[in-house]
A.B. asks: 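Supplied in structure tokens, the structure appears directly below.
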Amino acid sequence: MTFISVNGLSTKYDSTYGPVYAVDDVDFELKDGESIGIAGESACGKSTLGLSVIRTLSNGKTKGNIFFDGEPLLELQESDFNKRFRWKKISMIFQGAMNSLDPVFTINEQFLEITKQHNFGDSQKIISDAIYAVSLNESVLKKYPHELSGGMKQRVVIAMALLLKPKFVIADEPTTALDVLTQAQIVNLLKNLKKDGMAFMLITHDLAVLSEIAEKIGIMYGGQIVEFGSSQEIYKNPKHPYTKGLLESIPTLHGNVPKYIEGSPPSLLDPPTKCRFLDRCNVAVEKCKQLPPKFKTETGYVRCWLFE
């Protein structure tokens, strides 16, 4: 059964230079228990996509459809969405744990703010369970954020996202700025939570991490998902030249020299109407100067004329 369906989702920001089209015509579906990985270069719209789903954009205008368990999220009043969905059914691990915690309140006070807002009874029991779930002990609750290491703060932010036992968690670069050992611990934590039935949208630059957690993968470029499909299909038989370029850039243990994609992504102030990857593609054909297509694949779709 499909529990989240995103159709024609677009988000733009107003800026002094004009509208920024950060997310453009994004589609994907997930069934119960499935997780999705979103990968791509910086400034391609990954974080905005996550913020659009949980509706925490301060200066963004979103249109399209997001259905969660059959309910149209974008049509709900903010108060209704906050009461029934945010934190309870959908939560988010924000990028950069050091900036996600308020420096003037203890960790426990910041947890209590969430439980009080949603009228939970035995708040301290819920908070303790969440802390233990991320392999921390209750002593951290009395501390301020500056008293914790980067890895501990990241676990606290994850515990906050898990506090009300949501069905779907958006994790935006949950291993950013952490050492490799702590990164591995965070990834293992997410994998264990997934075994317990929690679904994720994992936003990351690390394609290797996605292979361990996500059943579906969306490759974003220039605000669009240019290829969407099963994890197995994306890794073993990528269709879009950009997807192939990202996979070829991953270092291996076999001594292969990683390749890199020359050039830069297009400006989202004035995104091209042609294929957005055209200027960096070394296999482009004349048709690529037209509007990009959207062909169905075995498990998803690809925006590339070469797959016609």
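Just so you know, residue 1 is the first one in the sequence shown, and it goes up from there. Side chains included, hydrogens not; waters and symmetry mates left out as well; all remaining heavy atoms used.
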A.B. asks: Decide whether Leu148 and Ile131 are clustered together by the hydrophobic rule: side chain heavy atoms of Ile, Leu, Val, Met, Phe, Trp, Tyr closer than 4.5 Å, transitively.
C.D. replies: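 Both belong to a single hydrophobic cluster.
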A.B. asks: Check for a donor-acceptor pair, side chain of Arg303 on one end and backbone N or O of Pro292 on the other, with a separation under 3.5 Å.
C.D. replies: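 The answer is no, because no donor-acceptor pair under 3.5 Å joins these two groups.
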A.B. asks: Test Lys191 against Glu212 for salt bridge (charged side-chain N to carboxylate O under 4.0 Å, His left out), laying out the working first.
C.D. replies: CA-CA 8 Å; Lys191 287 166 66 177; Glu212 298 186 53; 2.9 Å; yes
A.B. asks: Mind running side-chain contact (heavy atoms from CB on, under 4.5 Å) on Asp27 and Phe228 for me, showing each step along the way?
C.D. replies: CA-CA 9 Å; Asp27 301 317; Phe228 173 74; over 6 Å; no
A.B. asks: For Lys239, is there an ion pair with Glu233 - N to carboxylate O distance below 4.0 angstrom?
C.D. replies: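 Result for this pair is yes, salt bridge flagged.
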A.B. asks: Can you check salt bridge (charged side-chain N to carboxylate O under 4.0 Å, His left out) on Lys46 and Glu41, steps first, answer last?
C.D. replies: CA-CA 9 Å; Lys46 302 187 303 296; Glu41 292 169 277; over 6 Å; no
A.B. asks: Would you check, one step at a time, whether the test side-chain contact (heavy atoms from CB on, under 4.5 Å) holds for Tyr13 with Leu57?
C.D. replies: CA-CA 9 Å; Tyr13 296 104; Leu57 293 167; 3.2 Å; yes
A.B. asks: Using the rule salt bridge (charged side-chain N to carboxylate O under 4.0 Å, His left out), only one of Lys167, Lys216, Lys194 pairs with Glu34; which is it?
C.D. replies: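 Result: among Lys167, Lys216, Lys194, Lys216 is the only option passing the salt bridge (charged side-chain N to carboxylate O under 4.0 Å, His left out) with Glu34.
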A.B. asks: With Leu202 as reference, evaluate Val187, Ile36, Val209, Ile170 under the side-chain contact (heavy atoms from CB on, under 4.5 Å) test and give the passing residue.
C.D. replies: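 Between Leu202 and the candidates, side-chain contact (heavy atoms from CB on, under 4.5 Å) is satisfied uniquely by Val209.
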A.B. asks: For side-chain contact (heavy atoms from CB on, under 4.5 Å), just list the numbers for Thr2 and Glu29, CA-CA rounded to whole Å, side-chain angles, deciding distance to a tenth of an Å, and then say yes or no.
C.D. replies: CA-CA 7 Å; Thr2 299; Glu29 286 188 352; 3.9 Å; yes
A.B. asks: Would the number of heavy atoms belonging to other residues, nucleotides or ligands and lying under 6.0 Å from CD of Glu113 be above 12?
C.D. replies: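 No.
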A.B. asks: Does Thr106 offer a backbone N or O that forms a donor-acceptor pair with the side chain of Glu109 under 3.5 Å?
C.D. replies: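 Present.
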A.B. asks: Under a 3.5 Å distance rule, please check whether Arg86 uses its side chain to pair with a backbone N or O of Ile54 as donor and acceptor.
C.D. replies: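 Judged by distance alone, yes, a pair lies under 3.5 Å.
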A.B. asks: Under a 3.5 Å cutoff, is there a donor and acceptor pairing between the side chains of Asp206 and Thr204?
C.D. replies: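 No - no donor-acceptor pair under 3.5 Å links their side chains.
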A.B. asks: Grab the two heavy atoms, one from Leu112 and one from Ser123, that are nearest each other, plus how far apart they are.
C.D. replies: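 That closest heavy-atom pairing would be CD2-CB, 3.9 Å.
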A.B. asks: Can you tell me if NZ on Lys294 sees more than 12 non-hydrogen neighbours from other groups inside 6.0 Å?
C.D. replies: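 Enclosed: over 12 neighbouring heavy atoms sit under 6.0 Å from NZ of Lys294.
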A.B. asks: For Lys274 and Asp279, what are the C-alpha separation, side-chain angles and deciding distance, and is it a salt bridge (charged side-chain N to carboxylate O under 4.0 Å, His left out)?
C.D. replies: CA-CA 10 Å; Lys274 59 190 178 184; Asp279 294 339; 3.7 Å; yes
A.B. asks: If you group Ile, Leu, Val, Met, Phe, Trp and Tyr by side-chain heavy-atom gaps below 4.5 Å, do Phe200 and Ile225 land in one group?
C.D. replies: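 The answer is no; the residues belong to distinct hydrophobic clusters.
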A.B. asks: For Glu227 and Ile234, what are the C-alpha separation, side-chain angles and deciding distance, and is it a side-chain contact (heavy atoms from CB on, under 4.5 Å)?
C.D. replies: CA-CA 8 Å; Glu227 184 168 0; Ile234 294 292; 3.6 Å; yes
A.B. asks: Look at Arg55 together with Glu78 and state whether they make a salt bridge at an N to O cut-off of under 4.0 Å.
C.D. replies: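 Salt bridge flag = yes for Glu78 with Arg55.
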A.B. asks: Keeping Glu215 on the side-chain end and Ser231 on the backbone end, is there a donor-acceptor pair under 3.5 Å?
C.D. replies: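 Not a single qualifying donor-acceptor pair exists.
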A.B. asks: Considering only NZ, NE, NH1 and NH2 on the basic side and carboxylate oxygens on the acidic side, decide whether Lys61 and Asp14 come within less than 4.0 Å.
C.D. replies: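 Judged by the 4.0 Å cut-off on N to carboxylate O distance, Lys61 and Asp14 do form a salt bridge.
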A.B. asks: So does Gly40 get a backbone contact from the side chain of His205, meaning a donor-acceptor N/O pair under 3.5 Å?
C.D. replies: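 Present.
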A.B. asks: Treat each ILVMFWY residue as a node, draw an edge where side-chain heavy atoms are under 4.5 Å apart, and state whether Ile127 and Leu193 are in one component.
C.D. replies: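 Ile127 and Leu193: one cluster.
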A.B. asks: Would the Phe68 and Phe3 ring centres measure less than 6.0 Å apart?
C.D. replies: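 When the ring centroids of Phe68 and Phe3 are compared, they turn out to be within the sub-6.0 Å range.
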A.B. asks: So which residues get pulled into Trp305's cluster when ILVMFWY side chains under 4.5 Å apart are joined, directly or through others?
C.D. replies: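 Members besides Trp305, by chain and number: Phe295, Val302, Phe307.
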A.B. asks: Considering all heavy atoms of both residues, which atom of Leu74 and which atom of Gly64 are nearest to each other, and what is their separation?
C.D. replies: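 Smallest heavy-atom distance, with atoms named: CD1-O, 3.5 Å.
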A.B. asks: Would you say the side-chain atoms of Tyr235 pair up with the backbone N or O of Ser211, donor to acceptor, closer than 3.5 Å?
C.D. replies: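 Looks like yes, one N/O pair under 3.5 Å.
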A.B. asks: Is the closest basic N to carboxylate O distance between Asp24 and Arg276 below 4.0 Å?
C.D. replies: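 Looking at Asp24 and Arg276, the cut-off is met.
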A.B. asks: So that I can tick it off, tell me whether Lys63 and Asp25 are bridged by a salt bridge, with the cut-off set at under 4.0 angstrom between side-chain N and carboxylate O.
C.D. replies: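 Result for this pair is no, no salt bridge flagged.
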A.B. asks: Quick check on the hydrophobic clustering: are Leu76 and Val53 connected, directly or via other members, by side-chain heavy-atom contacts under 4.5 Å?
C.D. replies: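 The answer is yes; both residues are in one hydrophobic cluster.
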A.B. asks: Taking the basic N atoms (NZ, or NE/NH1/NH2) and the acidic carboxylate oxygens, is any pair closer than 4.0 Å for Glu147 and Lys153?
C.D. replies: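 Looking at Lys153 together with Glu147, the answer is no, because their closest N to O distance does not fall below 4.0 Å.
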